[in-house]
Amino acid sequence: MTYETQLDETQKKLRDLEFALNESAIVAITDSKGIIQFANDKFCHISKYRQQELIGSNQNIVNSGYHSNSFFKELWTTIGAGNVWHGEIKNRAKDGTYYWVDTTIVPFLNDQGKPYQYTSIRYDITTRKAYEEYIEEMAYYDALTHLPNRNQLYKWVDEHPRKTDETYTVFFLDLDNFKIINDNFGHGIGDKVLEEVSGRLRACLRESDFVSRQGGDEFIVILENNTDKDTAMCIARKILDTISLPIYINDKEMSTTVSIGINNETLNKIPENCQEFIETSIKKADTAMYHAKKNGGNNFCFSTPDQNMEMDRKFQMELELKNALASDEFKIVYQPLINLKNNQIVGVEALLRWKNKELGSVSPIEFIPILEKTGQIIQVGKWILWSVCNQMKMWQENGTYLERISVNVSPIQFKDKKFVQDLKQIINETELDASYIELEITEGTILEIENVSQTLHDLQELGVKVSIDDFGTGYSSLSYLKQLPIDTLKIDKSFIDDLDMDGEIIVNTIISMGKNLRFRVIAEGIETPQQLNYLKKQECHEGQGYYFSRPVNDKEIALLYKKLQSK
């Protein structure tokens, strides 16, 4: 069969099969070696080659370099065996632009059953692929920095081959005091700083390393190629030095530093769940990062067995806390508030305690942040409010008449949209007058005045009192204190501890300011007669601490009340 006869037969078959030699289909015919014998106008238009440039050229003239050798090996194996191949191919036009085509390649066989020609019918899917890439970008990449996000991290882990006896190093990075940049310059500038930091971070890493943004000012890096501890330290130092360089945005100079936690470990066996392996490594690096921050930031810290034990304990606490409320593991104790003029008990502060069958008694310093992190603080907080309001009502019915019961409220709980509504319902259910309730919030909570002002005024309308806890340790503006309906300032225990040093100046200032603004002033952490006498001389209104009583149960509060009343 001559070449001319083969071509005539091919074109006849194309017409008979109506293979769309028209404006919509991109059609080409090649010989068995991939030399183009025919190209329709649509092919010329999308590839931007003239017909005479295409015919006689190898099909590789439009190869984009996007696909791997194995991709084309599979393609040629399929059509070389006389089978039809179908798939999507990214091609490169003459002007350097790229386009995607949905491609079907049909082999034509000679009398011996061997392909002598291939007809490819392609359809332009560039727009669809661009949309798919956009969707993937949204799903797998951070919109601000264009770094991979957590979804892409897990995808990368799943697709990445792992070997035993191979070292994997995970960095967990968190910018130091990034909130100051946002507060002083605005979130727009903060975003530009994150973009700059992302670029600098990428520049510090090798091509084989993986970097992703986890949200906020947190980043994760995975170092490959059996990175040893010394190499990890060199890369960490390079990151620290690079990130700390001045950043110039809109003619403003600013700077930030970063804390890095490093987990460096070798696989003894390939894990069944690679995502779980990486997640555990990230948690270990995260724990190490917090130790780097505790040491002043702008530093790195390697994960250690002690840190891992700490992480394991936190993980166990998370699991146990899920059922703590339902299992009746929480209890509430009460510490008296004493009028420093007459030594009478005027109120109590309700304090949450947790005792678990596995962990024993756990400090609130440990478990409260976990409740906040997991969001359980909303449910537990509602239970606390109901319990203390109900207890106050029971005391009143049994002759224990306290002026108020004080309850600590988490910032997360306080900012919950249903907080005031839930409190109203609790007051109605327990039939307690709202004026007996005092809510303690932190200074940090009132800094976001736009978000809390309405809540504070709603509470005032309800008749509930509000106290600023640990006053003096935060950054409250005096103008905020004057604007907002606040009743009480509680002087932090650390200042009472330092009364024999600089604490006197701060305590005197707070007491004087509180009186001038007509706040009730309470001193926390009174433990010695000297501290009590000093506060009395300064005419501090109330106090609490171990000098008077440790936190005790409801029955002991009733006994203490009767004892003090009889004096």
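All values below were derived from every heavy atom in this structure, side-chain atoms included, with hydrogens, water molecules and symmetry-related copies excluded.
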Mind running side-chain contact (heavy atoms from CB on, under 4.5 Å) on Ile55 and Phe38 for me, showing each step along the way? CA-CA 6 Å; Ile55 294 175; Phe38 171 83; 5.6 Å; no

Which word best sums up how the rings of Trp85 and Phe71 line up, parallel for under 30°, tilted for 30 to 60°, or perpendicular for over 60°?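 Plane angle over 60°, so perpendicular.
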
Relative to each other, are the rings of Phe72 and His67 parallel, tilted or perpendicular (30° and 60° limits)?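 Perpendicular.
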
So which atom in [X] and which in [Y] form the shortest heavy-atom distance, rounded to 0.1 Å?
X: Ala93; Y: Tyr49; result: C-CE1, 4.3 Å
X: Tyr140; Y: Lys155; result: CE2-CD, 3.9 Å
X: Ile262; Y: Ala288; result: N-CB, 3.9 Å
X: Ser259; Y: Met289; result: O-CG, 3.5 Å
X: Phe178; Y: Leu175; result: CD1-CD1, 3.8 Å

What residues form a side chain to side chain donor-acceptor pair (under 3.5 Å) with [X], not counting sequence neighbours?
X: Asn60; result: Asn58
X: Thr287; result: none
X: Glu372; result: Ser410
X: Lys90; result: none

Is there a ring-ring contact (aromatic ring centres under 6.0 Å, His included) between Trp76 and Tyr118? Walk through the geometry before answering. CA-CA 11 Å; Trp76 278 104; Tyr118 302 103; 5.6 Å; yes

Distance-only, no hydrogens or angles: does the [X] side chain make a donor-acceptor pair with backbone N or O of [Y] under 3.5 Å?
X: Asn177; Y: Ile180; value: no
X: Asn295; Y: His291; value: yes
X: Gln376; Y: Leu321; value: yes
X: Asp31; Y: Ile35; value: yes
X: Asn110; Y: Gly113; value: yes
X: Glu53; Y: Arg50; value: yes
X: Asn40; Y: Ala25; value: yes

Between [X] and [Y], does any side-chain donor sit less than 3.5 Å from a side-chain acceptor?
X: Asp124; Y: Thr126; result: yes
X: Gln454; Y: Asp458; result: yes
X: Gln117; Y: Gln37; result: yes
X: Tyr154; Y: Glu279; result: yes
X: Thr78; Y: Glu74; result: yes

Per the salt bridge (charged side-chain N to carboxylate O under 4.0 Å, His left out) rule, what does the pair list look like for [range], sequence neighbours excluded?
range: residues 313-322; answer: Glu310-Lys314, Arg313-Glu366, Glu318-Lys373
range: residues 284-294; answer: Asp174-Lys293, Asp176-Lys293, Glu265-Lys284
range: residues 191-203; answer: Glu196-Arg200

Where do Leu484 and Ser453 land on the side-chain contact (heavy atoms from CB on, under 4.5 Å) test, with the steps shown first? CA-CA 7 Å; Leu484 299 174; Ser453 178; 3.9 Å; yes

Taking side chain as C-beta onward, heavy atoms only, is [X] less than 4.5 Å from [Y]?
X: Arg122; Y: Asn91; answer: yes
X: Asp217; Y: Val197; answer: no
X: Val221; Y: Val170; answer: no
X: Asn149; Y: Tyr141; answer: no
X: Leu205; Y: Leu223; answer: yes
X: Arg150; Y: Ile220; answer: yes

Contacts of type ring pair (Phe, Tyr, Trp, His ring centres under 6.0 Å), residue Tyr290, not counting sequence neighbours: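 Not a single residue meets the ring pair (Phe, Tyr, Trp, His ring centres under 6.0 Å) criterion with Tyr290.
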
What residues form a ring pair (Phe, Tyr, Trp, His ring centres under 6.0 Å) with Phe210, not counting sequence neighbours?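 Once residues adjacent in sequence are excluded, the partners of Phe210 under the ring pair (Phe, Tyr, Trp, His ring centres under 6.0 Å) criterion are Trp156.
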
Please tabulate, for side-chain N and O atoms in residues 230-242, each donor-acceptor pair with protein atoms closer than 3.5 Å (sequence neighbours left out).
residue: Thr231; atom: OG1; partner: Asp228; partner atom: OD1; Å: 2.7
residue: Thr242; atom: OG1; partner: Lys238; partner atom: O; Å: 2.7

Lys229 to Phe302, cation-pi by 6.0 Å centre distance and 45° axis angle: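 Yes.
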
State which residues pass salt bridge (charged side-chain N to carboxylate O under 4.0 Å, His left out) with Arg128; sequence neighbours excluded, sorted by chain then number.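 By the salt bridge (charged side-chain N to carboxylate O under 4.0 Å, His left out) rule, Arg128 matches Glu88, Glu132.
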
Show me the donor-acceptor pairs within less than 3.5 Å that the side chains of residues 96-109 make with the rest of the protein, sequence neighbours left out.
residue: Thr97; atom: OG1; partner: Asp95; partner atom: OD1; Å: 2.7
residue: Asp102; atom: OD1; partner: His86; partner atom: NE2; Å: 2.8
residue: Thr103; atom: OG1; partner: Val101; partner atom: O; Å: 3.4

Derivation and outcome, side-chain contact (heavy atoms from CB on, under 4.5 Å), residues Leu325 and Phe330: CA-CA 6 Å; Leu325 189 58; Phe330 291 125; 3.8 Å; yes

Any chance you could lay out the side-chain contact (heavy atoms from CB on, under 4.5 Å) test for Met254 and Ile181, step after step, and finish with the verdict? CA-CA 8 Å; Met254 57 199 73; Ile181 293 177; 4.3 Å; yes

Start with the C-alpha distance between Arg206 and Ser208, add both sets of side-chain angles, then the distance that settles side chain to side chain donor-acceptor pair (under 3.5 Å), and finish with yes or no. CA-CA 5 Å; Arg206 303 162 300 185; Ser208 60; 4.6 Å; no

